[in-house]
Novice: 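There's a structure below that I have some questions on.
Just so it is clear: chains get the letters A, B, ... in the order the sequence lines come, proteins before strands, and each one is counted from 1.
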Amino acid sequence: MPKEISERPKVYLSKVHLKGFKSIEDVTIDFKRNFNVLIGKNGSGKSNLIELLFKAINFNRSRDKISFEFAKITLLSTDNHFFSFELERFLRKNNFINNDEIDDRIGVKERFLIDDTLLIDDLNKYSVRKKIEFNGKNIAYSHNKNILISKMGYQPIYSLIIKFNSPEKLDFINAPGSLKYDFDEIVGFLDYPESMNFFTPIILEVESYFEALEENDIDFNTIKVDDILDKFRVQGSILENLQLYSPVEDVRFSPNMNLYHNDNNLIVDNIRIEFKVNNIWMPWSQLSDGTKRLFYIIAETTYSNGLVLIEEPELGVHPHQFNLLMDFLKTQSETKQIIISTHSPKALDHLSKDELDSILIASYDLKKGTQIRHLTTTEIKKAKKYMKEVGFFSDYWMLSDLEE
Amino acid sequence: MIRVGLVGEDPNDTASIKHLLEKKYSNKVKFLPLARRIRGDQLESAKLRKSLPIEFTENKCSFVIYIRDLDAFESQSAKVQERKRWFKSLDSVINNKGILLLNIWELEALILGDIDTFNSIYKINHKFSSNPMLQDKPKELLKRITSHTNKQYKEAHCPELFKLLDIDKIEKSCLCFKNFIADFEKKLKKP
Ligand SMILES: Nc1ncnc2c1ncn2[C@@H]1O[C@H](COP(=O)(O)OP(=O)(O)O)[C@@H](O)[C@H]1O
Ligand SMILES: [Mg+2]
């Protein structure tokens, strides 16, 4: 097994079977390894699907209540193994518990299959220890998919969801954040900020700097803001992509942070990042809504190593800028799987004629709920005719009967 | 000043070639991209056949340079013929005076023609002394040799990268570019 996690084989979402979540009653979907585009009229269930995919992939029985009836997630690895995780909600028949409290009776049955062989069946508690065999090795089964995938020798996938509305709380970005380092605790920082994911390694870097100070008995009075400012650094790959694909020319942590300490802890506060646009440094509040969204998508997608789910990336973005954003997403999808939903004809024009099978169409059926399908071979043929004889794929979408 | 139109994947291929040619011709030629933001596939579309004559006339160009990737070796003559047919047919909607820059495999082959500059930008030391015209998938090669550097090569780097390449070196080592320059010089003499 390669030591470097980034050199291990990867897994990506190959197929899902989902039941019982909002408008989704029963759907089965195949995904492409790189780029997938979900279209469909308002109310067809695109947002529901994206939310459910994220919930099912990240489901953790020790943390989450199950909010759907059933999910089978099949991952395909780059060395051609299928790993399927099944989650099924059930109601415990337990007379000891007050019948009124349905919530307490909801359980989750879990199954796990490798290459269609059932290895874990109907596991319904998380304290049960089970072993599975893979590649001649015995591995302790974990209900946490990422731990299991890691133990089997693959890169874990930390999936990312970027919804229609940005989160309200973004420490370090739309509000100043603070970090409190406690000398007596085993853990250094007491609270991690609630913010974008790309801050995680930056905070870890600062934390290990403080740990080193503590271990070497360095007098904290000698530490200045400039010393720590140097540890707060946005990843080079994020800065590069912002420069290439957005109006943001640079990002830095504001030099106006404060540093205090007393006997038990060290506090850095007023931590926030600033953005350089048109050669002027400004706070988040002064960025245009479109620029905010571009920053969010570009920073977080660059940071992510796995499945990226994005709702309507075109929101608030100028068409020329959106063109660049799509170039960015297509380039990113060479190394990580991306699923976007969109109402933008421009987004579909980024697919070449050989990529039309990456389009997914959502529709709402009164009897069957949300339905998801790929283009049929007849539709693909017709689309190619439009692309040659009329113009672009979007002309087919606009002028023909694709979603009738 | 002679005004010359550019048609190719935009802005990547058009801006790259514009920057490269400007090194030698900026005192006599003005290069104008005529199909903004067009993608590889869309170069075949009927829309371009309609918009190109408008842009050509409004921009008062003398002729057009068409930039295409062959995605194959020169010996694959069926492919070459297909690209030439595309070029002739599209150029016929303007004045039949255009020239084709057909990159063998792809634009990145030209970067291999001046590997020293590439090495110094990406701080690597890749030895490439063979003929760039015989390298398949040069884009993949450039990504591979920079995969462990801080800044991995990306297609989107091309426009800036081409500003730094040495046009004379590329002309010497890439036959497809040398032939193109010969055609281009002829055109400039009697457009
Ligand atoms: N709890 C629910 N149960 C059943 N249907 C729901 C529930 N919540 C929302 N819906 C239905 O889901 C549909 C909206 O789906 P959504 O994913 O928001 O669509 P869009 O494709 O526009 O993103 C609506 O038709 C709504 O009635
Ligand atoms: Mg929606």
Novice: Counting only non-hydrogen atoms closer than 4.5 Å, does A:S352 touch chain B with its backbone (N, CA, C, O), its side chain (CB onward), both, or neither?
Specialist: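 Answer is both: backbone and side chain atoms of A:S352 are under 4.5 Å from chain B.
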Novice: Working to the nearest 0.5 angstrom, can you tell me the gap between B:D41 CG and A:H350 NE2?
Specialist: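 Rounded to the nearest 0.5 Å, the CG-NE2 separation comes to 12.0 Å.
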Novice: Calculate, to the nearest 0.5 Å, the distance between atoms CZ and CG belonging to B:R36 and A:N323 respectively.
Specialist: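 Answer rounded to 0.5 Å: 12.0 Å.
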Novice: Any idea which heavy atoms bring B:A156 and A:L244 closest together, and the distance?
Specialist: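 It is O-CD2, 3.8 Å.
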Novice: Does B:R39 pair with A:D327 as a salt bridge, N-O distance under 4.0 Å?
Specialist: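 Yes, this pair counts.
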Novice: Can you confirm whether B:Q42 sits close enough to A:D349 that some side-chain heavy atom of one is under 4.5 Å from a side-chain heavy atom of the other?
Specialist: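 Yes. Closest side-chain heavy atoms under 4.5 Å.
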Novice: Could you pull out the closest heavy-atom pair between A:G391 and B:S45, with the gap in Å?
Specialist: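 Between these two residues, the closest heavy atoms are O-CB, 3.5 Å.
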Novice: Among all residues two or more places apart in sequence or in another chain, which pass the side-chain contact (heavy atoms from CB on, under 4.5 Å) test with A:R233?
Specialist: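 Testing A:R233 for side-chain contact (heavy atoms from CB on, under 4.5 Å), a comparison that skips the adjacent residues, returns A:D230.
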Novice: Between B:R37, B:K154, B:K151, which shows the greatest number of heavy-atom pairs under 4.5 Å with chain A?
Specialist: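 Answer, by heavy-atom pair count under 4.5 Å with chain A: B:R37.
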Novice: More than 12 heavy atoms of other residues, nucleotides or ligands under 6.0 Å from NZ of B:K137: is that the case?
Specialist: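 No, not enclosed.
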Novice: So for atom CG, which belongs to A:N278, do other residues, nucleotides or ligands contribute more than 12 heavy atoms lying within a distance under 6.0 Å?
Specialist: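 No, CG of A:N278 has 12 or fewer neighbouring heavy atoms, counting only those of other groups under 6.0 Å.
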Novice: Atom NZ of residue position B:K30 - does it have more than 12 heavy atoms of other residues, nucleotides or ligands inside 6.0 Å?
Specialist: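 Incorrect, the count does not exceed 12.
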Novice: To the nearest 0.5 Å, what is the distance between CD (A:E7) and OG (B:S147)?
Specialist: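 A:E7 atom CD to B:S147 atom OG measures 8.5 Å (nearest 0.5 Å).
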Novice: Go through B:Q152, B:H157, B:K47 and name the one with the most non-hydrogen pairs under 4.5 angstrom from chain A.
Specialist: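 Winner by heavy-atom pair count: B:K47.
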Novice: Checking heavy atoms, do the side chain of A:E389, its backbone, both or neither come under 4.5 Å from chain B?
Specialist: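 Backbone only.
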Novice: For the CG atom on B:N150, are there more than 12 heavy atoms of other groups (residues, nucleotides or ligands in this structure) within a distance under 6.0 Å?
Specialist: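 Counting neighbours around CG of B:N150, 12 or fewer heavy atoms of other residues, nucleotides or ligands fall under 6.0 Å, so no.
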Novice: Contact part of A:Y245 toward chain B, heavy-atom cut-off under 4.5 Å: side chain, backbone, both or neither?
Specialist: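 The side chain, not the backbone.
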